Amino acid sequence: MGATPVVVNNDNNSNGGDVTGSPNQRDDPLLEEIAQAMNEAEKSVPKIAEQLAKIINSRWLNKLSDESLREKLDTHLRPVNCDRLITPKVNPEIWGRLDKETRSKDLKLSYLQTNLAAVGNIVSQATDMLLTARAENSEVHIENLIRKNMDAIAIMGHISYDLAQRRRDVIRPTLNKEYATLCASDVPVTTLLFGDELQTQLNHIRASNKIKNTASGSQYYPPRRHFSPQQVPARSGQQKPFLWKQPPQGGKPQYRRKYKQYRSNQPGNQENQ
């Protein structure tokens, strides 16, 4: 069967009116749908509770304090029969051959895995609570589940922040050295990896470097004093080295005096005297 022909009504043309049905002027729903799909950066679902959204937005891409993170890790421990919810260690044969820099990089990544395993512990326990409630037809401890899930969100936000910092570390070597502070941990991560005020930060860095260069160029260096070994001052709390001791008064070395006394005490010398 052939395609059904499309009939265009030209009644408006007979009256000399505008061709509102022209393909160049008519809104095509299909084209609108395609254009919307192409312009849509990210798909989303209907909004959640406003208070919950505020908590998530405040915790995501933000670092937890060491005390808070340790408390959450100690609270949500691994179920005894979940042997794979761990952070794998490097084989001793390989670890012993790694240099210091490689070990440091591996330790940083292993911390991420440790925190991620803690989220796995939380999800495992929460799922087990739901399964138990369904099997026993019992009530679910809703408040306990909410607290567990909020801890999981907080830890995941911490992990996301650490990953963002690792991405900065990868980019750091390609930046000019004077802009290395852009990768500092105190620079907040927003929807952009280096924050929303990048241009402002660049202006501050340039101004700071200009002041630093000006100050270093005009710095006054007093003339250096040259000390003889006898004049070099001793450091506070330390005695002068033996070689820097001053000779006795009169400029004659001490050992010559002792040698004359020794000669004068000899029997032959005493007779001559």
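Predicted model only: the values in this text are computed from it and were never measured. Below, all heavy atoms of this structure are taken into account, side chains as well, without hydrogens, waters or symmetry copies.
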Stepwise salt bridge (Lys or Arg N to Asp or Glu O under 4.0 Å) test for K54 and E50: CA-CA 6 Å; K54 289 182 179 180; E50 196 64 33; 5.6 Å; no

Verdict with reasoning, T102 to D99, per side chain to side chain donor-acceptor pair (under 3.5 Å): CA-CA 6 Å; T102 304; D99 56 46; 2.7 Å; yes

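- Interatomic distance, L77 CG to Q125 CD, rounded to the nearest 0.5 Å: 7.5 Å.
- Tracing side-chain contacts under 4.5 Å through hydrophobic residues (I, L, V, M, F, W, Y), one never reaches I211 starting from L202; they form parts of separate clusters.
- Here D66 does not pair with R70 in a salt bridge; the nearest charged N to carboxylate O distance is not below 4.0 Å.
- Between the side chain of S124 and the backbone N or O of G120, at least one donor-acceptor pair lies under 3.5 Å.
- In the model, H76 has a side-chain atom that pairs as donor or acceptor with a side-chain atom of D151 under 3.5 Å.
- S58 places a side-chain N or O within donor-acceptor distance of the main-chain N or O of I55, the cut-off being under 3.5 Å.
- Note: L182 CG to F194 CZ = 6.5 Å, rounded to the nearest 0.5 Å.
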Full working for side chain to side chain contact (heavy atoms under 4.5 Å, CB included) between I86 and Q113: CA-CA 8 Å; I86 59 172; Q113 281 190 299; over 6 Å; no

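- By the neighbour-count criterion of 12 heavy atoms within 6.0 Å, atom CD of E178 is densely surrounded, having more than that number from other residues, nucleotides or ligands.
- S208 contributes no side-chain N or O that, together with a main-chain N or O of I205, makes up a donor-acceptor pair within less than 3.5 Å.
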Step-by-step side chain to side chain contact (heavy atoms under 4.5 Å, CB included) determination, L98 to D106: CA-CA 10 Å; L98 299 179; D106 178 75; 5.5 Å; no

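- In this structure the side chain of V123 never reaches within 4.5 angstrom of the side chain of K148, judged on heavy atoms.
- Note that CD1 of I155 and CD1 of I122 are 4.0 Å apart. Values are rounded to the nearest 0.5 Å.
- The CD atom of Q199 sits 5.0 Å away from atom CG of N203, with the distance rounded to the nearest 0.5 Å.
- With hydrogens and angles disregarded, no donor-acceptor distance shorter than 3.5 Å links the side chain of Y161 to the backbone of R59.
- Checked by atom type and distance alone, the side chain of H158 never pairs as donor or acceptor with a backbone atom of K63 at under 3.5 Å.
- Within 6.0 Å of CZ in R103 there are more than 12 heavy atoms belonging to other residues, nucleotides or ligands.
- Summarising the local packing, CZ of R166 is surrounded by more than 12 heavy atoms from other residues, nucleotides or ligands at distances under 6.0 Å.
- Ion pair K105/D169 not flagged as a salt bridge, since none of the NZ, NE, NH1 or NH2 atoms sits closer than 4.0 Å to an Asp/Glu carboxylate oxygen.
- A donor-acceptor pair under 3.5 Å is absent between the side-chain atoms of R78 and the main chain of N121, judged by distance alone.
- Distance alone, capped at 3.5 Å, is enough to place a donor-acceptor pair between the T132 side chain and the D128 backbone.
- The hydrophobic clustering, which links ILVMFWY residues whose side-chain heavy atoms are closer than 4.5 Å, places V187 and L198 apart.
- Under 4.0 Å is where a charged nitrogen must lie from a carboxylate oxygen, and between E143 and R147 at least one such pair does.
- Placement of M150 and I142 within a single hydrophobic cluster is found when ILVMFWY residues are connected by side-chain heavy-atom separations under 4.5 Å, directly or transitively.
- Y111 and L116 sit in two unconnected hydrophobic clusters of ILVMFWY residues. Membership requires side-chain heavy atoms under 4.5 Å apart, directly or through other members.
- If you check the side chains of R206 and Y179, you find a donor sitting under 3.5 Å from an acceptor.
- Heavy-atom minimum distance, L64 versus S68: CD2-OG, 4.0 Å.
- The CE atom of M156 lies 9.5 Å from the CD1 atom of I153; values are rounded to the nearest 0.5 Å.
- Rounding to the nearest 0.5 angstrom, the gap separating the SG atom in C183 from the CD1 atom in I171 is 7.0 Å.
- Transitive grouping of hydrophobic side chains (ILVMFWY, heavy atoms separated by less than 4.5 Å) brings V119 and L163 into a common cluster.
- T87 and T114 form a side-chain donor-acceptor contact under 3.5 Å, judged by distance and modelled atom types alone.
- No donor-acceptor pair closer than 3.5 Å links the side chain of T181 to the backbone N or O of A184.
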